[in-house]
A.B. asks: 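Provided herewith is a single structure, encoded as structure tokens, for subsequent inquiry.
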Amino acid sequence: TGRSLEAHCDDVTQVVFNKQHVRQVATGSTDGLVNIFDLSKATQGVLDDNVENTHNTQSSVGRIGFFGPETEYLFALTHTETLFLWHALAVEDSEAPEQLAHQANVREQTEAQVRKGDVCVCVC
């Protein structure tokens, strides 16, 4: 039987495993949350108690993924086309996870940059 993931209060839209840090898994949801879990601390298949970081996009999450030379970063693209970038690796308990970028209407801005001939990176 399936288990619910109580770290989210709505449908989970994506589950992504970190290929270089194999103990990490990230989830995105229509509740706007992106959670990073530490699989090495999971007991009896329960992830909810092992959330390393929670990021709130305040909008339904469409896509998430790890990136960077050491897959140390995480992106989230919401259904309203807002892009978020964070450090994915755990931070000290006293520190809040660092948000690297927050860009609203990323599709409109990317299309405008392409029309002007600027170089841009697209999340597909």
A.B. asks: So that I can tick it off, tell me whether Arg23 and Glu52 are bridged by a salt bridge, with the cut-off set at under 4.0 angstrom between side-chain N and carboxylate O.
C.D. replies: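 So Glu52 pairs with Arg23 through a salt bridge.
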
A.B. asks: To check you understand the geometry: which heavy-atom pair defines the closest contact between Thr82 and Phe84, and what is its length?
C.D. replies: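 Distance-wise, the nearest heavy atoms are CG2-CE1, 3.5 Å.
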
A.B. asks: The criterion is side-chain contact (heavy atoms from CB on, under 4.5 Å); which residues satisfy it with Gln58, sequence neighbours excluded?
C.D. replies: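 Gln58: side-chain contact (heavy atoms from CB on, under 4.5 Å) contacts with Asn56.
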
A.B. asks: Treating Asn35 as the side-chain partner and His55 as the backbone partner, does any N or O pair qualify as donor plus acceptor under 3.5 Å?
C.D. replies: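 No; judged by distance alone, with no hydrogens or angles, the pair does not exist.
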
A.B. asks: Looking at every non-hydrogen atom in both residues, tell me the closest pair between Val25 and Val15 and how far apart they are.
C.D. replies: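 Minimum heavy-atom separation between Val25 and Val15: CG2-CG1, 3.6 Å.
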
A.B. asks: Ile36 versus Leu74: any side-chain heavy-atom pair under 4.5 Å?
C.D. replies: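 Yes; the side chains approach each other to less than 4.5 Å.
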
A.B. asks: Can you list everything that forms a side-chain contact (heavy atoms from CB on, under 4.5 Å) with Ser59? Sequence neighbours excluded, please.
C.D. replies: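 Partners of Ser59 by the side-chain contact (heavy atoms from CB on, under 4.5 Å) criterion, ordered by chain and then number, come out as Thr57, Thr78, Thr80.
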
A.B. asks: For Asn18 and Gln24, work out which heavy atoms get closest and say how close.
C.D. replies: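 Where Asn18 meets Gln24 most closely, the heavy atoms are ND2-OE1, 2.9 Å.
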
A.B. asks: Minimum heavy-atom separation for Glu70 and Glu72, please, with both atom names.
C.D. replies: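 Reported closest heavy-atom pair: N-OE1, 2.8 Å.
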
A.B. asks: Restricting to side-chain contact (heavy atoms from CB on, under 4.5 Å), what partner residues turn up for Thr13, sequence neighbours left out?
C.D. replies: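 Checked Thr13 against side-chain contact (heavy atoms from CB on, under 4.5 Å); matches are Thr30, Val61, His79.
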
A.B. asks: Nearest 0.5 angstrom please: Leu83 CG to Arg63 CZ, how far?
C.D. replies: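 One gets 11.5 Å once the value is rounded to the nearest 0.5 Å.
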
A.B. asks: State which residues pass side-chain contact (heavy atoms from CB on, under 4.5 Å) with Tyr73; sequence neighbours excluded, sorted by chain then number.
C.D. replies: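 Residues passing side-chain contact (heavy atoms from CB on, under 4.5 Å) with Tyr73: Phe67, His87, Leu100.
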
A.B. asks: Do you know which two heavy atoms are closest between Val16 and Gly65, and how far apart they sit?
C.D. replies: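 In this case the closest contact between Val16 and Gly65 is CG1-CA, 4.3 Å.
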
A.B. asks: Can you tell me how far apart CZ (Phe66) and CH2 (Trp86) are? Round to the nearest 0.5 Å.
C.D. replies: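 These two atoms lie 11.0 Å from each other.
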
A.B. asks: Quick one: are Thr27 and Phe37 in side-chain contact, heavy atoms under 4.5 Å?
C.D. replies: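 With C-beta onward as the side chain, the pair touches.
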
